[in-house]
Chemist: 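Here's a structure for you.
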2 protein chains.
Amino acid sequence: MSERDAERSVSQTVRAQLALRDMILSGRLRPGERISELQAVDITGVSRTPVRLALVRLEDEGLLQAIPSGGFMVKAFTERDILDSIELRGTLEGLAARFAAERGVNARSLEPLKECLGDIDQLVRQDPISVEAFSAYVTMNARFHALLNELSASAPLIREIDRVSALPFASPSAFVMAQSALPEAHQILLIGQDHHRIVVDAIENREGARAEAVMREHSRLAARNLRLAIRNRTHLELMPALALLKSSAE
Amino acid sequence: MSERDAERSVSQTVRAQLALRDMILSGRLRPGERISELQAVDITGVSRTPVRLALVRLEDEGLLQAIPSGGFMVKAFTERDILDSIELRGTLEGLAARFAAERGVNARSLEPLKECLGDIDQLVRQDPISVEAFSAYVTMNARFHALLNELSASAPLIREIDRVSALPFASPSAFVMAQSALPEAHQILLIGQDHHRIVVDAIENREGARAEAVMREHSRLAARNLRLAIRNRTHLELMPALALLKSSAE
DNA sequence: TGGGTGCAAGATGTATACAGTAGACGCGAT
DNA sequence: ATCGCGTCTACTGTATACATCTTGCACCCA
């Protein structure tokens, strides 16, 4: 399918949503700035109706904030908001891991997870790790987390995790690329992979508390990465989500 | 302000949303049933544009489910979904309590919470408890939980708690009224109030783990109520949310 | 009789016209 | 000079007309 066909196949609403999200995350629309519907029409090239739907969707995605008198503005986040969102994700993923462990999962469901574990092993075995490997890690890591969440077999929980992870700075892989520029990079990746291994082991042995605790701690690696990267001012361009930071030290 | 004025002052979108939500929760629209936009126009009396927005909002509220080929259907929930949602709320409220405890709150912020505690005390002191007192309890309980969540001072967390609690069967007071018909009613209320007291104490003493644990356990009272009420088949009409139950034993 | 194809009806997706309202700017009066 | 009022502009909220797509039913052919 050609790119043009693909563009035609998605609805105007989705197209508008993607375009606006891109504008926001790239920082071309600054936090606090009001987005008028007509302005959004100019940006996206679609009419007001789908633009309106896209704005509503971006609002509950958390990127926009409704103005009481009508309309929307770009939401601003504090560093605390970001750290809290990461802790929030960790808590939810911890709950998912606990559910999986306590309720038990059959051996076959664990197979793809272990396979994924092996794939990541191969990546982190390199020293130093290439940028391509980092990029591959982001993909595999996302897959691992998705598989893990599914093991909870809890639709309401998965829904909330997906929602929280949709925030650009709260996803499991948000700051992995930024981390690639840090001297501690390799070590952090090895620790993260150890967490992965432990949580699978805990689930297999039906150790709910252990599974929960390690997933919580796992999310704090992302918090650590964020703090390191901000303090070192290294490669802030690898973390586009930071465009949403209020009073940013950018 | 007259009722008619009030009706005029809210937008058509909100009015449509309220009308449709009412139809869903009252069971007049059955789980799995498709809601066409034109049908919704007939029900609400507003045009398709605001109806569409209302449907989108109800979707991310969790009451509707998008159909891949377009349109929406009423979402169906299993008993497990409901129990998981309650556990989910408890986990989030636990996190809020832990944040409050670990980060510390000044004495003045605790005052309204303690006041609320006292008000609930007066209610549960009655024996037996009148239906009016149960109704008042629902209000005070909601206030207590709201104040507690605010103590976390975490906007992202409060946002998620509000979202989860918006599900009609996951809110802190969802099954309190049903409980009013149970013989264990008074005892359960006293235990719940004890939890309230403990979490305030834990926050005051900066005992994060204790605050978190008690709020988790607190939510399980709701789960217990639900199970009791369903098994006893008592006053299912007091739990309109159960209209959403899949293959319900209604 | 069963399966496939085509048509029709009704649904959603989209665009646009119109109405109502909030906010800003300027002008006048005190 | 400052405060208040009025007007004007531009935005959002709403309704509706049009286009496209899905789906269900009927008919025809094998």
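Reminder, nothing fancy here: chain letters follow the sequence lines and each chain counts from 1. Small disclaimer: the values here were computed from a predicted structure and weren't measured.
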Chemist: For A/L38 and C/dA17, give me the distance from atom CG to atom P, rounded to whole Å.
Modeler: 13 Å
Chemist: Any donor-acceptor pair under 3.5 Å between the side chain of A/T49 and the base of C/dT16?
Modeler: yes
Chemist: How long is the line joining CD of A/E37 and C1' of C/dT14, in whole Å?
Modeler: 15 Å
Chemist: Parallel, tilted or perpendicular, judged at 30° and 60°: which one describes the rings of B/H196 and B/Y137?
Modeler: parallel
Chemist: Measure CE/A/M73 against P/D/dC11 and give the value in whole Å, please.
Modeler: 17 Å
Chemist: Starting at the 5' end of DNA chain D and moving along, which residue's nearest nucleotide shows up first, B/R34 or B/G45?
Modeler: B/G45
Chemist: Is A/S69 near enough to C/dG23 that one of its side-chain N or O atoms lies under 4.0 angstrom from OP1 or OP2?
Modeler: yes
Chemist: Grab the CZ-P distance between B/R15 and D/dA15 for me, whole Å please.
Modeler: 9 Å
Chemist: Write down the distance between CD1 (B/I67) and C1' (D/dT23), rounded to a whole number of angstrom.
Modeler: 12 Å
Chemist: Separation of B/F72 atom CZ from C/dT12 atom C1', in whole Å?
Modeler: 10 Å
Chemist: For B/S152 and B/R103, work out which heavy atoms get closest and say how close.
Modeler: O-NH1, 3.9 Å
Chemist: With a 4.0 Å limit, can you tell me whether A/R48 has a side-chain N or O closer than that to the phosphate oxygens OP1/OP2 of C/dT14?
Modeler: no
Chemist: Just call it for B/I35: base, sugar-phosphate, or nothing, with non-hydrogen atoms closer than 4.0 Å on any strand.
Modeler: sugar-phosphate
Chemist: Checking all strands, does A/L55 fall into the base, sugar-phosphate, or nothing category for heavy-atom contacts under 4.0 angstrom?
Modeler: nothing
Chemist: Which nucleotide in the list D/dT14, C/dT14, D/dA15 gets nearest to the side chain of B/V46?
Modeler: D/dA15
Chemist: Quick one: A/Q12 CD to D/dC21 C1', roughly how many Å, whole number?
Modeler: 15 Å
Chemist: How many Å lie between CD on B/E33 and C1' on C/dA11, as a whole number?
Modeler: 16 Å
Chemist: Choose from C/dT12, D/dA15, D/dG13 the nucleotide whose nearest atom is closest to any side-chain atom of B/S47.
Modeler: D/dA15
Chemist: Is any side-chain heavy atom of B/M215 closer than 4.5 Å to a side-chain heavy atom of B/L148?
Modeler: yes
Chemist: Do the side chains of A/L29 and A/Q39 get nearer than 4.5 Å, heavy atoms only?
Modeler: yes
Chemist: Check whether any side-chain heavy atom of B/F77 sits under 4.5 Å from a side-chain heavy atom of B/K75, and report yes or no.
Modeler: yes
Chemist: So, OP1 or OP2 of C/dG10: does either fall under 4.0 Å of a side-chain N or O from B/S36?
Modeler: no
